[in-house]
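A short write-up of the structure that comes next.
The figures that follow rest on heavy atoms only: side chains count, while hydrogens, waters and symmetry mates do not.
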Amino acid sequence: MDYGELWAIFGPGVAGAVFGAGWWFWVDAVVCSAVKVSFLHYLPCIFASLAALMFNCVKKDDINYSPYEEGEWRLKLWLFLAYVVSFVSLAASVGLLVQDSLTDKGPSTWTGVAGVLQCVFVLISGLVYWTSHSD
């Protein structure tokens with residue numbers, strides 16, 4: 001077995017474990033928070049999961065990387081939108097981390113850190129699954 005076959009076998013499992021770890025950080029932060037976490041803090045997590053789903057709606061084998069053919073522009077546009085959603089969710093989670101660390105009225109800083117970790121892990125899991133799954 002070569003590396004590509006092993007990655008195709010174990011890649012989706014690794015992606016699922018990373019996705020679960022990301023959500024575990026977020027659930028831990030919400031449960032251990034001393035104050036009620038507002039719905040605004042949930043939005044980056046939800047949009048990061050949506051971006052991971054958007055990545056996985058496109059098969060890697062369906063994209064032709066030739067610069068001279070324009071057949072798959074819809075797929076490339078979909079992947080571009082997935083990247084935009086993922087980076088916006090990551091930027092929003094970092095913004096909420098900064099907001100939580102500067103004020104004492106909202107959730108703790110751990111809630112902001114967990115939100116950033118959750119977004120990063122979910123987006124990594126989406127990319128891991130996309131690169132390992134070619135069927």
Side-chain angles (χ1 to χ4, degrees):
M1 261 191 210
D2 65 340
Y3 177 72
E5 291 175 1
L6 284 175
W7 186 243
I9 293 170
F10 294 112
V14 169
V18 172
F19 185 88
W23 273 99
W24 186 264
F25 280 124
W26 179 246
V27 169
D28 176 63
V30 170
V31 169
C32 295
S33 178
V35 297
K36 184 177 185 278
V37 179
S38 67
F39 182 70
L40 181 68
H41 284 76
Y42 287 89
L43 288 178
C45 307
I46 293 169
F47 281 109
S49 297
L50 177 69
L53 179 70
M54 289 172 70
F55 283 125
N56 294 320
C57 287
V58 177
K59 291 182 186 178
K60 185 173 69 170
D61 296 337
D62 289 343
I63 296 177
N64 184 5
Y65 293 103
S66 172
Y68 302 109
E69 295 182 19
E70 298 180 12
E72 298 87 17
W73 68 270
R74 288 181 186 96
L75 294 175
K76 292 175 184 176
L77 178 65
W78 183 258
L79 285 177
F80 175 74
L81 290 176
Y83 277 111
V84 168
V85 170
S86 66
F87 288 126
V88 166
S89 68
L90 185 60
S93 66
V94 169
L96 288 171
L97 167 64
V98 170
Q99 177 186 350
D100 291 344
S101 64
L102 293 179
T103 63
D104 293 333
K105 296 178 183 178
S108 66
T109 305
W110 167 239
T111 306
V113 171
V116 171
L117 287 174
Q118 192 271 345
C119 284
V120 168
F121 279 23
V122 165
L123 297 175
I124 287 173
S125 75
L127 292 175
V128 165
Y129 183 79
W130 189 70
T131 58
S132 67
H133 190 70
S134 61
D135 288 334

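Checked against the 6.0 Å centroid threshold, Tyr42 and Trp26 count as a close aromatic pair. Here the two rings, on Phe19 and Tyr129, have centers that are 6.0 Å apart or farther.
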TODO: Check the pair Leu127 / Tyr83 against side-chain contact (heavy atoms from CB on, under 4.5 Å), numbers first and verdict last.
DONE: CA-CA 10 Å; Leu127 292 175; Tyr83 277 111; 3.9 Å; yes
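Between the side chain of Ser101 and the backbone N or O of Leu97 there is at least one donor-acceptor pair closer than 3.5 Å. The backbone N or O of Pro107 lies less than 3.5 Å from no partner atom in the side chain of Thr111, so there is not a single donor-acceptor pair.
In this structure the side chain of Val18 never reaches within 4.5 angstrom of the side chain of Val128, judged on heavy atoms. Two residues are said to be in side-chain contact when any heavy atoms from C-beta on lie closer than 4.5 Å; Cys45 and Trp23 meet this criterion. A heavy-atom distance below 4.5 Å is not found between the side chains of Leu79 and Met54. Residues Ser86 and Phe55 meet the side-chain proximity criterion, which asks for heavy atoms closer than 4.5 Å.
Here Leu50 contributes atom CG and Leu43 contributes atom CG; the two are 11.5 Å apart, rounded to the nearest 0.5 Å. Distance CH2/Trp110 to CG/Asp100: 12.5 Å, rounded to 0.5 Å. The CG atom of Leu123 lies 8.0 Å from the CD atom of Gln118; values are rounded to the nearest 0.5 Å.
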